[in-house]
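Everything on this sheet refers to the single structure shown next.
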Number of protein chains: 2
Amino acid sequence: MTGTPGRSRRSPDHVTIVDVARHAGVAVSTVSYVLSGKRAISEVTRTRVLASIRELGYHPNAGARALASRRANTIALVLPLRAGMQVPVVMQFAIAVVTTARRCDHDVLLVTSDEGPSGLRRIAGSAMVDGMLVMDVELDDSRVPLLRDLTRPSVLIGVPADPTGLTCVDLDFHRAGQVCVEHLARLGHRRVALLGAPAAVYDRGTGFAHRTRAGVAAAADRHGVTVVTQPFEEGPASIRQELAALLDRHPDLSALVVQNEAAVGPVLACLPTLGRRVPQDMSVVAICPDQFAEQAAPRLTSVPVPAEEIGRQAVALLMRKLHDEPVPEVTLLPPRLTIRDSTAAPTVQVRR
Amino acid sequence: MTGTPGRSRRSPDHVTIVDVARHAGVAVSTVSYVLSGKRAISEVTRTRVLASIRELGYHPNAGARALASRRANTIALVLPLRAGMQVPVVMQFAIAVVTTARRCDHDVLLVTSDEGPSGLRRIAGSAMVDGMLVMDVELDDSRVPLLRDLTRPSVLIGVPADPTGLTCVDLDFHRAGQVCVEHLARLGHRRVALLGAPAAVYDRGTGFAHRTRAGVAAAADRHGVTVVTQPFEEGPASIRQELAALLDRHPDLSALVVQNEAAVGPVLACLPTLGRRVPQDMSVVAICPDQFAEQAAPRLTSVPVPAEEIGRQAVALLMRKLHDEPVPEVTLLPPRLTIRDSTAAPTVQVRR
DNA sequence: GCCGGCCGTCGAAGCGCTTCGACGGCCATG
DNA sequence: CATGGCCGTCGAAGCGCTTCGACGGCCGGC
């Protein structure tokens with residue numbers, strides 16, 4: 001009674017490839033080739049091996065596999081620590097990444113930005129992951145030079161100032177800003193405000209905020225629309241104040257472009273109390289998750305942030321890089337405007 | 001020009017422990033012991049080795065380490081796929097987990113529930129992780145028996161019907177329900193409604209929903225409060241309808257306990273339009289993230305869900321299990337009631 | 001002054017897997 | 001009928017690390 005003979009002396013319930021090989025009456029390498037498909041194996045052998053695998057409940061040891069094959073079949077997902085406003089987007093994105101990665105037989109290691117560059121270096125150096133997805137990339141991000149140098153491929157969510165030598169995916173926020181303004185212009189609006197992210201986000205050099213602002217400005221120019229752009233804080237009380245102040249300074253505003261998930265709900269709630277019904281007195285276009293827009297009252301005309309698609313794309317790009325296939329440096333997803341109930345022609349055509 | 005001699009013939013920039021040992025003029029095992037601290041090493045050797053490590057930019061290969069030591073220094077975090085309502089909580093939780101795990105020198109593998117039990121089996125079997133954190137555990141969860149059998153330790157967030165042989169952490173939702181009602185009772189409220197999660201959540205057998213309901217009922221009983229409990233859907237339009245219907249059926253309701261993050265904002269917005277000012281005509285207590293409660297208007301009296309602390313606790317418990325230390329089966333965190341501006345004594349003392 | 005221990009270091013044996021070269025058969029070909 | 005390939009399988013050499021036993025010195029105790 002000193003343990004099953006022929007079983008390695010180690011932990012009782014740990015099945016290795018050796019056990020499978022013995023059980024199927026083949027060489028270890030044959031089992032390996034059955035699993036990887038890298039060499040032809042006769043149907044009969046294949047079947048027998050697979051049966052043994054199932055019967056024994058064998059699962060390849062990931063560490064050993066990574067060591068021998070030099071591929072971990074794992075990718076890193078680097079998320080921003082500060083769980084601020086864009087939580088739902090981040091979550092949707094993360095889920096899409098995990099799901100897509102699993103479909104490509106990869107697992108996902110979750111890393112937070114707060115370890116900073118050295119964290120990335122550690123992850124990459126330890127060969128835990130074959131590549132990395134980095135979210136929340138800023139225009140002038142300290143991690144960018146590092147990523148450029150790293151041997152392991154990476155894909156960025158967001159586009160830094162200089163994307164040379166990188167691979168980036170994002171919504172085309174510049175076009176998104178344009179699309180919003182164009183829609184409003186077409187309805188006849190001439191005085192529009194952009195309620196953007198908190199000032200800190202702009203200061204941090206966050207790409208999407210700047211790009212949207214630029215897009216809005218460009219479209220406004222082209223369509224003879226005057227646009228007031230202003231950062232927008234998220235404090236509980238402050239929203240109402242800010243909004244009131246804004247309307248005070250610019251009483252002829254007839255439409256709002258809101259790019260601030262956290263603010264959009266309160267803004268909608270405040271507008272009626274400030275004497276502006278939506279959409280009769282004030283049109284509102286949001287750049288926010290679709291779910292948000294659907295659930296707001298009234299339902300919001302919006303440009304959704306396609307977190308899920310960005311996630312899928314990012315993984316797909318990374319996989320192609322892992323296979324040494326060429327990929328574009330920047331992939332911008334086209335914005336889609338969904339018209340709902342929060343926009344209408346202005347009641348009174350202001351001037352013109 | 002056939003590569004640096006003395007360097008392994010492999011990828012040019014891959015530093016191994018052999019390189020470090022050679023550079024420092026010691027044995028490989030010595031380097032290992034310097035890193036692990038498992039044997040005494042003279043100060044002078046230690047310093048020299050560490051210098052070499054830094055100079056060469058050495059990072060231990062995670063796979064090799066896992067293989068040899070039989071510990072991956074990684075834990076799995078199993079999150080619910082359906083990114084429904086509790087997104088901010090999940091996110092806060094995940095971040096706390098990653099941060100805490102890193103502090104214990106562990107990484108986090110992100111897994112979604114949709115792989116189901118077989119996913120857990122795969123992760124565990126492949127030895128990618130030393131243990132797992134499983135969120136969103138339901139009263140009668142199909143993964144529970146599996147987790148009980150698994151060789152690898154796990155910690156559940158949420159408490160299944162039978163927690164025997166498991167390790168669970170959660171907010172004490174039963175007490176949380178009680179605390180809310182007690183607060184209202186103390187203010188003089190006698191007719192209270194519990195606006196819970198959507199019916200589907202109850203049907204699914206989600207522990208926290210049931211436990212809160214039970215706690216509310218128990219406290220109501222004890223304090224002579226009548227309580228109407230009703231699931232609460234989240235549709236955009238439906239909230240107002242449901243609320244109106246509820247007030248219609250129970251016009252003497254003077255307080256609400258809301259356990260539905262997604263609904264709390266809209267509910268607050270609707271109440272005034274239904275002729276109920278908060279808190280003069282209707283008190284509201286919420287069970288929701290603190291941030292939410294702070295930002296609502298009026299600021300909400302609430303029992304926060306301490307996602308961050310749950311995350312920390314969960315990791316701590318798992319680490320103790322990894323070290324074979326005993327841990328309690330169920331850890332319930334005490335609820336804390338934070339009184340803000342949404343509760344007050346009822347204007348008219350109903351009966352009594 | 002000798003010996004037992006301890007301290008610091010080394011060498012080697014794996015951990016479980018992949019992959020490469022080798023090697024028997026078998027079939028098709030000349 | 002010999003020959004060359006190809007197909008399917010095997011054995012063995014690592015992948016980079018941990019860990020165990022061994023082994024010299026050195027110190028203190030008797």
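Proteins come first, then strands; the chains are lettered A, B, ... in the order of their sequence lines, and each starts at number 1.
For the salt bridge (Lys or Arg N to Asp or Glu O under 4.0 Å) condition, no pair includes a residue of residues 151-161 of chain B, sequence neighbours left out.
Applying the 4.0 Å criterion to OP1 and OP2 of C/dT18, one finds that A/K38 has every side-chain N and O outside that range. Look at A/R70 and you'll find a side-chain N or O under 4.0 angstrom from OP1 or OP2 of D/dG16. In this structure, A/H14 reaches the C/dG16 phosphate: one of its side-chain N or O atoms is under 4.0 Å from OP1 or OP2. Within the 4.0 Å cut-off from OP1 or OP2 of C/dC10, at least one side-chain nitrogen or oxygen of B/T30 is found. Side-chain nitrogen and oxygen atoms of A/S32 include at least one within less than 4.0 Å of the OP1 or OP2 phosphate oxygen of C/dT18.
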Side-chain donor-acceptor pairs under 3.5 Å in residues 118-127 of chain A, sequence neighbours left out?
from	atom 1	to	atom 2	distance (Å)
A/S118	OG	A/E115	O	3.3
A/R122	NH1	B/D107	OD2	3.0
A/R122	NH2	A/E115	OE2	3.3
A/R122	NH2	B/D107	OD1	2.9
A/S126	OG	A/R122	O	3.2
A/S126	OG	A/I123	O	3.1
A/S126	OG	A/M128	N	3.4

Donor-acceptor pairs are to be reported for all side-chain atoms of residues 50-59 of chain A against protein atoms at under 3.5 Å, with residues two or more places apart or in another chain.
from	atom 1	to	atom 2	distance (Å)
A/S52	OG	A/H23	ND1	2.8
A/S52	OG	A/R48	O	3.2

Would you be so kind as to tabulate the donor-acceptor pairs closer than 3.5 Å made by side chains of residues 29-41 of chain B, with sequence neighbours excluded?
from	atom 1	to	atom 2	distance (Å)
B/S36	OG	B/S32	O	3.3
B/S36	OG	B/K38	N	3.3

Show me, pair by pair, the donor-acceptor contacts under 3.5 angstrom made by side chains of residues 307-315 of chain B, not counting sequence neighbours?
from	atom 1	to	atom 2	distance (Å)
B/E308	OE2	B/R312	NH1	3.2

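In this structure, A/N73 places its CG atom 13 Å from C1' of C/dT18, rounding to the nearest Å. Following rounding to the nearest Å, A/R71 (CZ) and D/dC15 (P) show an atom-to-atom distance of 17 Å. Rounded to an integer number of Å, the gap from CG of A/L35 to P of D/dT9 is 15 Å. Atom CE in A/M128 sits roughly 15 Å away from atom C1' in D/dG16 (whole-Å rounding).
Partners of B/D149 according to the side chain to side chain donor-acceptor pair (under 3.5 Å) rule, which considers only residues two or more places apart in sequence or in another chain, do not exist here. Remark: B/P145 pairs with no residue by the side-chain contact (heavy atoms from CB on, under 4.5 Å) rule, at least two apart or across chains. A search for salt bridge (charged side-chain N to carboxylate O under 4.0 Å, His left out) contacts involving B/R320 returns B/E325, not counting sequence neighbours. Here A/P163 pairs with A/V159, A/C168, A/V330 under the side-chain contact (heavy atoms from CB on, under 4.5 Å) rule; sequence neighbours left out.
Between its two ends, the helix from C/dG1-D/dC30 to C/dG30-D/dC1 turns its axis by 40°, counting five pairs per end and rounding to 10 degrees.
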Grab the N/O contacts between the protein and nucleotides 4-8 of chain C below 3.5 Å, and write none if there aren't any.
none

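When each of B/L67 and B/V28 is assigned the nucleotide of DNA chain C with its nearest heavy atom, B/V28 is the one assigned upstream, toward the 5' end.
Using a 4.0 Å heavy-atom criterion, one finds that B/S69 contacts the sugar-phosphate atoms exclusively.
B/P306 approaches B/L333 most closely through the heavy-atom pair CG-CD1, 4.2 Å.
A donor N or O paired with an acceptor N or O is found under 3.5 Å between the base of C/dC20 and the side-chain atoms of A/Y33.
Shown for residues 57-66 of chain A: residues whose heavy atoms fall under 4.0 angstrom of DNA chain C, namely A/Y58, A/P60, A/N61, A/A64, A/R65.
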Please report the C-alpha distance between B/L156 and B/R143 in whole Å, then the side-chain angles of each, then the deciding distance to 0.1 Å, and finally whether the side-chain contact (heavy atoms from CB on, under 4.5 Å) criterion is met.
CA-CA 10 Å; B/L156 316 198; B/R143 298 167 300 185; over 6 Å; no

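With hydrogens and angles ignored, the 3.5 Å screen pairs a side-chain donor or acceptor of B/D130 with a backbone N or O of B/N73.
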